[in-house]
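Residue numbering restarts at 1 for every chain, and letters A, B, ... go by the order of the sequence lines.
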Amino acid sequence: MATTARGGGEREPAAGSGGGGGAAAEMEVEAYRRLFPVAYFERHLRESVRLDARPLASPRDTSVALGLVGSADGSALVKFGDTTMVAAIKLEVMTPPAESSDEGSVAVDFYMPPICSPTVRPGRSAEVAPVISKQLSDVIMSSGMINLKDLCLINGKASWIAYLDIYCLNADGSLFDAALVSAVAAFTHCIDDGRVVTVPGELEGKTKLPLVNKDKRKLMLNNVPFSLTCGLHKEHILVDPTAEEESIIETFVTVVLDTLGRVVSVYKPGGSVLAYTSILKECITLAKRRAQQLRNILNESVSAMEVDKSS
Amino acid sequence: MEYVNPLTGFRIDGRRPNEMRQIKGELGVVANADGSALFEMGNTRVIVAVYGPREVQNKSQQSNNQALVRCEYSMANFSTGDRTRRQKGDRRSTEISLVIRQTMEASILTHLMPRSEIDIFVQVLQADGGTRSACINAATLALADAGIPMRDIVTSCSAGYLCSTPLLDLNYVEDSAGGPDVTVGILSKMDKVTLLQMDAKLPMDIFENVMQLAIEGCKAIANYIREVLLENTKQLESRRGG
């Protein structure tokens with residue numbers, strides 16, 4: 001809500017003069033931060049701290065809230081610090097194609113509307129949006145989180161297509177991680193509400209049609225994927241970078257793990273820092289820890305929601 | 001269909017004809033933006049982010065004596081009952097963007113910020129009738145949050161006429177009933193109308209009643225917005241230690 005010049009409220013006297021000097025010292029710090037971002041950043045790294053006073057291996061405060069969008073079949077709002085994602089699923093019935101007549105389908109779309117960042121201009125969508133969209137689609141499909149056969153209603157005639165739309169409401173780094181958690185959370189919340197569907201061509205001569213999906217049921221999820229993006233700068237590994245850090249660091253590694261701890265995907269799109277095996281192994285260890293944390297947060301929000309429903 | 005129950009006088013969602021839906025406004029929801037707000041009118045939920053005053057993107061449009069105001073309206077794919085893949089530049093979005101821009105321009109003191117641009121981005125998360133009004137109310141809050149100087153608080157509300165009764169703040173079902181829909185936007189303290197839109201037919205005297213009802217709704221929203229802004233300022237003050 002404050003303008004960007006205020007730097008989000010952090011005051012870091014450690015970077016320059018000490019307590020004395022007051023307002024003048026603060027202006028110096030802010031100017032230094034803008035004019036020499038890399039030096040400012042490295043000064044922090046020497047003390048093993050980041051720009052928002054986090055330790056290097058510590059992710060930001062994460063929160064998950066389910067069911068915010070009433071008109072959707074499943075929805076979730078996820079916040080990683082200031083990064084905010086809204087995911088919503090709408091289920092519709094479609095005729096499956098002949099070669100996969102017993103499977104449903106999932107369509108994933110990721111949007112970055114202009115509200116999310118001062119760098120996104122209307123008329124020209126953000127460069128990273130289609131990249132993240134494709135990454136999400138690939139990870140969700142390849143992790144096997146959803147068994148497409150579960151989405152089948154009548155073999156060859158009708159199946160569900162789940163449209164998953166993810167909107168970034170505030171972009172402050174780690175967009176892929178937050179989007180993946182929001183997608184997973186939305187699927188966890190998604191309930192097939194047992195609506196009645198008529199299939200064309202079946203009505204003639206039949207007075208009573210059996211209801212195919214009588215009870216409300218939730219989608220069964222196996223092998224839920226969780227991811228962690230680390231930034232590599234010289235010899236430091238920074239977990240869950242913010243947008244400011246992302247503009248300074250050039251090399252990122254994203255590791256996606258599933259519930260059994262298997263690696264679903266590793267993504268390192270170039271960058272000046274070369275990742276030796278040791279660094280990759282460390283990223284995977286950090287990802288394991290983060291996955292456990294995210295799983296706990298997700299389970300907590302699911303049980304919080306069930307309490308709300310039953311009360 | 002019975003939009004107003006003849007026996008009890010209640011509408012389909014249990015409201016009385018001159019009752020507005022529950023409103024809620026919140027400031028500062030998008031940290032990256034200079035100013036932002038979330039506004040809810042019943043089930044209609046809208047987020048507005050304001051970026052500016054900042055450098056004009058298209059230098060040819062830059063004005064030497066006032067700020068340029070731009071607005072973009074977009075609806076999320078899941079915002080309405082059925083999921084529709086919305087094209088960015090479709091007619092309805094362009095029209096509403098224009099309406100919001102011109103309504104807010106009437107209030108922003110653009111001559112104080114020459115050669116700059118103020119961007120108002122509107123994202124509809126849930127649509128249940130009255131989206132235009134919710135957007136304008138949210139834009140007012142977001143502009144105030146961004147500290148952009150304005151002449152007055154702009155608020156907007158809609159009203160309709162079904163079953164021979166003027167109804168305040170139509171929801172989606174009432175709006176699609178085919179009756180007239182009057183949307184009014186006013187500058188509350190100055191008591192001036194900046195936006196007035198109506199479709200369908202209404203006799204003149206009934207139109208005056210319906211418009212008056214909408215204006216009352218706008219004034220009620222203005223009082224609420226004033227409270228929200230005051231509360232926000234108090235919080236800022238206490239955080240600053242003042």
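By the neighbour-count criterion of 12 heavy atoms within 6.0 Å, atom CZ of B:Arg16 is sparsely surrounded, having that number or fewer from other residues, nucleotides or ligands. Sparse packing is recorded around CG of A:Asp61, with 12 or fewer heavy atoms of other residues, nucleotides or ligands lying under 6.0 Å away. The number of heavy-atom neighbours closer than 6.0 Å to OH of B:Tyr172, taken from other residues, nucleotides and ligands shown, is 12 or below.
For A:Leu68, the parts sitting under 4.5 Å from any heavy atom of chain B are the backbone and the side chain alike. Looking at A:Ala243, there are no atoms closer than 4.5 Å to chain B (heavy atoms on both sides), in backbone or side chain. Contact of B:Asp128 with chain A is not made at all, since no heavy-atom distance falls under 4.5 Å.
To the nearest 0.5 Å, atom CG of residue A:Leu169 and atom CG of residue B:Leu125 are 6.0 Å apart. Considering OG of B:Ser74 and CD1 of A:Ile115, their distance stands at 7.5 Å, rounded to 0.5 Å.
Side chains of B:Asp119 and A:Pro114 form no contact here, defined as non-hydrogen atoms less than 4.5 Å apart. At a threshold of 4.5 Å between non-hydrogen side-chain atoms, the residues A:Thr84 and B:Val30 do not count as touching.
Across all non-hydrogen atoms, the minimal contact from A:Ser71 to B:Gln126 is OG-CG, 3.9 Å.
Of the residues listed (A:Tyr163, A:Tyr111, A:Tyr167), the one engaging B:Phe78 in a ring-ring contact (aromatic ring centres under 6.0 Å, His included) is A:Tyr167, and it is the only one.
Formation of a donor-acceptor pair under 3.5 Å by the B:Asn32 side chain with backbone atoms of A:Ala171 is found in this model. No donor-acceptor pair under 3.5 Å is formed between the side chain of B:Arg45 and the backbone N or O of A:Val69.
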- Message: Run A:Arg121 and B:Glu55 through salt bridge (Lys or Arg N to Asp or Glu O under 4.0 Å) and show every step you take.
- Response: CA-CA 12 Å; A:Arg121 299 287 192 162; B:Glu55 200 178 326; over 6 Å; no
